[in-house]
There are 2 protein chains.
Amino acid sequence: MLESNPSPGPEPDRAGPEKPRLERQRILQAGVDFIEQHGARQLTMRRLGSALGVEAMSLYRYVPSRESLLDGIVETVIDELYGDPEVYVEPRHGWQDYLLRLAHGLRRLALKHPQVFPLVATRPTEAPWVRPPLRSLRWVESFLAALTSSGFSDRAAVATYRAFSSFLLGHLLLEVAALGADVGPVEEADPHPPASADLDGYPLLQQLQDLLSEDRSAQEFEESLENLMDRLEALAP
Amino acid sequence: MLESNPSPGPEPDRAGPEKPRLERQRILQAGVDFIEQHGARQLTMRRLGSALGVEAMSLYRYVPSRESLLDGIVETVIDELYGDPEVYVEPRHGWQDYLLRLAHGLRRLALKHPQVFPLVATRPTEAPWVRPPLRSLRWVESFLAALTSSGFSDRAAVATYRAFSSFLLGHLLLEVAALGADVGPVEEADPHPPASADLDGYPLLQQLQDLLSEDRSAQEFEESLENLMDRLEALAP
DNA sequence: GCACTGTATTTACATTGTAAGCCTCCAACC
DNA sequence: GGTTGGAGGCTTACAATGTAAATACAGTGC
């Protein structure tokens, strides 16, 4: 995504709903918005094209395939982390602060993009040890640097990285799934009814349904995260 | 071209590759096997049909759509839990024993079906509080019963259920993803090369690549599970 | 023989991803 | 000016998919 567009002549400063020219970033952003509105299953090249006022095939000048379009969409979302002022790429106030900010930043991201997040969580990564939801070499490098520079041994840093990603993946995936997002494929545009399933043979479920439906995700996230941090402190120097 | 041996007798006990008649369970099992061999992306009605020696449309007598076929496949795999002699539906030796057995049973399932497990983890469930990887009303009921019958309060049982599913989902999804399974869609039948990506700008990743590639999933699972159990004991009566 | 019934096939169609080629406009040179 | 070239978008085309609808066909009861 190296843009070296050297000022395309005069300024296209015309007012009105012009077609501002197709660009990779514009396509990816439109993809994010489309998925957030209609779900990933509904995203087809033709539909995304027409959302941009363009034919499907035009997209292929900027994106080699639908698969890589999805990869780009995921990357676009993850890149928002760099724009989050609460998240630091460098550990400014110790590793605990770094991890807490990163965790909360990722949670914000997941909640902001509940439909895209399942892709962030489940799309194959470029190497097996690049784990969702961090997904990017830069962030993994930053993560490990934060820890080793705080005195963690190599092993401890790697162990922390693994524990941290498992924790986030489990929590956030379930949290966005509970929001009614499509995790995985499917979604028939069927915003299911109250979903008061037939719990006839399940007395406990009937009894506990209210409790089960209660949303305590924020508190649970904080508590589990705190527990994780306590555990990680045992590995710290 | 098809079968020139219609097996006229009542018993189809002839040796040889008979077509034992289509049945829902046979289709679902074939689906599990197919996905395990070729990945979920490759599963099409036509291909699954021909794996069963039958036309695509024949499957529709037993399965209303591809989506529900996938649901059935997921259910089939989860149902294997009932056949696991190490997993008890009732807590025979206390709730800790129950949870440990269940966790290990689910991990065994995930490792046995690394290609199907991502579907188990990410397919929408019938109610938002039916969380992967348990996914079934019966198991959730069993889970909650095990805890409440051990003296857990309703709230504590529900909290335990949530913590337990998050933990399993995160760990197992990442563990099967590391096995090279397709989490999510994609997979171009491209069994990627050693994947020695270009780590030029990432000195720490270069330095830690061996550690990062080490497989410590079993130990990590045990350790995190034990930690979870410790945490849960705080909620116990 | 005949009709009935449940199972598998055939045919058909809309939708998808994407290859290949075409058209059109605009900038750069003569 | 005219010409050219190339980039950006469009048209056409095709194979693969999910699945509706009609059909064929075997087995059973009369």
Side-chain angles (χ1 to χ4, degrees), chain A residues 2-12 14 17-28 30-31 34-35 38-73 185-190, chain B residues 1-12 14 18-27 30-31 34-35 38-73 184-190:
Chain A
L2 5 146
E3 278 306 313
S4 56
N5 196 335
S7 138
E11 297 284 321
R14 296 283 308 268
E18 291 278 321
K19 261 201 276 182
R21 173 110 168 292
L22 224 41
E23 277 178 56
R24 186 177 158 90
Q25 265 319 307
R26 225 161 66 77
I27 293 177
L28 296 181
F34 189 102
I35 291 183
H38 308 104
R41 205 63 225 300
Q42 300 297 320
L43 175 57
T44 71
M45 300 305 274
R46 284 176 238 261
R47 285 206 262 259
L48 182 57
S50 81
L52 285 159
V54 126
E55 294 300 310
M57 289 309 292
S58 306
L59 305 177
Y60 283 92
R61 192 165 300 269
Y62 302 89
V63 153
S65 70
R66 179 177 190 266
E67 289 300 317
S68 77
L69 168 68
L70 292 177
D71 287 341
I73 288 173
V186 89
E187 180 224 21
E188 311 263 290
D190 188 25
Chain B
M1 134 178 43
L2 308 173
E3 286 295 320
S4 52
N5 188 347
S7 160
E11 298 281 319
R14 295 282 308 265
E18 291 278 322
K19 261 203 276 185
R21 173 111 169 290
L22 224 39
E23 276 177 57
R24 186 176 159 90
Q25 265 318 308
R26 225 161 66 77
I27 292 177
F34 189 101
I35 291 183
H38 307 104
R41 203 64 224 300
Q42 300 298 319
L43 176 58
T44 70
M45 300 305 275
R46 283 177 240 261
R47 285 207 262 259
L48 181 57
S50 80
L52 285 159
V54 126
E55 294 299 312
M57 290 309 292
S58 307
L59 305 178
Y60 284 91
R61 189 164 302 269
Y62 303 90
V63 152
S65 70
R66 179 176 189 266
E67 290 301 316
S68 79
L69 168 68
L70 291 178
D71 287 342
I73 288 173
V186 90
E187 181 225 19
E188 310 264 288
D190 187 25

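In what follows, every chain begins at residue 1, and chains take the letters A, B, ... in the order their sequences are listed. Please read these numbers as outputs of a predicted model, since none were measured by experiment.
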Rounding to an integer number of Å, can you tell me how far A:E23 CD sits from D:dG8 P? 10 Å
Identify the two heavy atoms, one from A:R24 and one from A:G72, that lie closest to each other, and give their separation to 0.1 Å. NH2-CA, 4.2 Å
Nearest-Å distance for atom pair CG/P, residues B:L69 and D:dT17: 14 Å
Nucleotide of D:dG8, C:dT18, C:dT7 approaching A:Y62 most closely (side-chain heavy atoms): D:dG8
Report the distance from atom CD of B:Q42 to atom P of D:dT17, rounded to the nearest whole Å. 9 Å
Distance, rounded to the nearest Å, where A:R61 contributes CZ and D:dG6 contributes P: 13 Å
Which of D:dT17, C:dA8, C:dT18 is nearest the side chain of A:M57? It is C:dT18
What is the distance, to the nearest angstrom, from the CD atom on A:E67 to the C1' atom on C:dT18? 13 Å
Closest to the A:M45 side chain, choosing from D:dC10, C:dA8, C:dG17: C:dG17
Testing D:dT11, C:dG17, D:dG18 for proximity to the side chain of A:R46, the answer is C:dG17
Return the nearest nucleotide to the side chain of B:T44; candidates are D:dG9, D:dG18, C:dT7. D:dG18
If you assign each of A:S65 and B:A56 to its closest nucleotide in DNA chain C, which residue comes earlier from the 5' end? B:A56
Partner of A:L48 by side chain to side chain contact (heavy atoms under 4.5 Å, CB included), out of A:V54, A:I35, A:L59: A:L59
Can you check the A:E55 CD to C:dT18 C1' distance for me, whole Å? 14 Å
Nearest to the side chain of B:S58 - C:dG17, C:dA8, D:dT19? C:dA8
Could you work out which one of D:dG18, C:dG17, C:dA8 sits closest to the side chain of B:R66? D:dG18
Dump the intermediate steps for side chain to side chain contact (heavy atoms under 4.5 Å, CB included) on B:R41 and A:E67, then the final yes or no. CA-CA 12 Å; B:R41 203 64 224 300; A:E67 289 300 317; 3.7 Å; yes
Take the protein atom CG of A:L70 and the nucleotide atom C1' of C:dG17, then report the distance between them rounded to whole Å. 12 Å
B:S68 side chain to B:D71 backbone, donor-acceptor under 3.5 Å: no
Once you round it to whole Å, what is the distance between P of D:dA16 and CG of B:L43? 17 Å
Quick note, A:V54 side chain, CB onward, closest among D:dC10, C:dT18, D:dT17 is D:dC10
Nearest non-hydrogen partners of A:F34 and A:A51, listed with the distance: CD1-CB, 4.4 Å
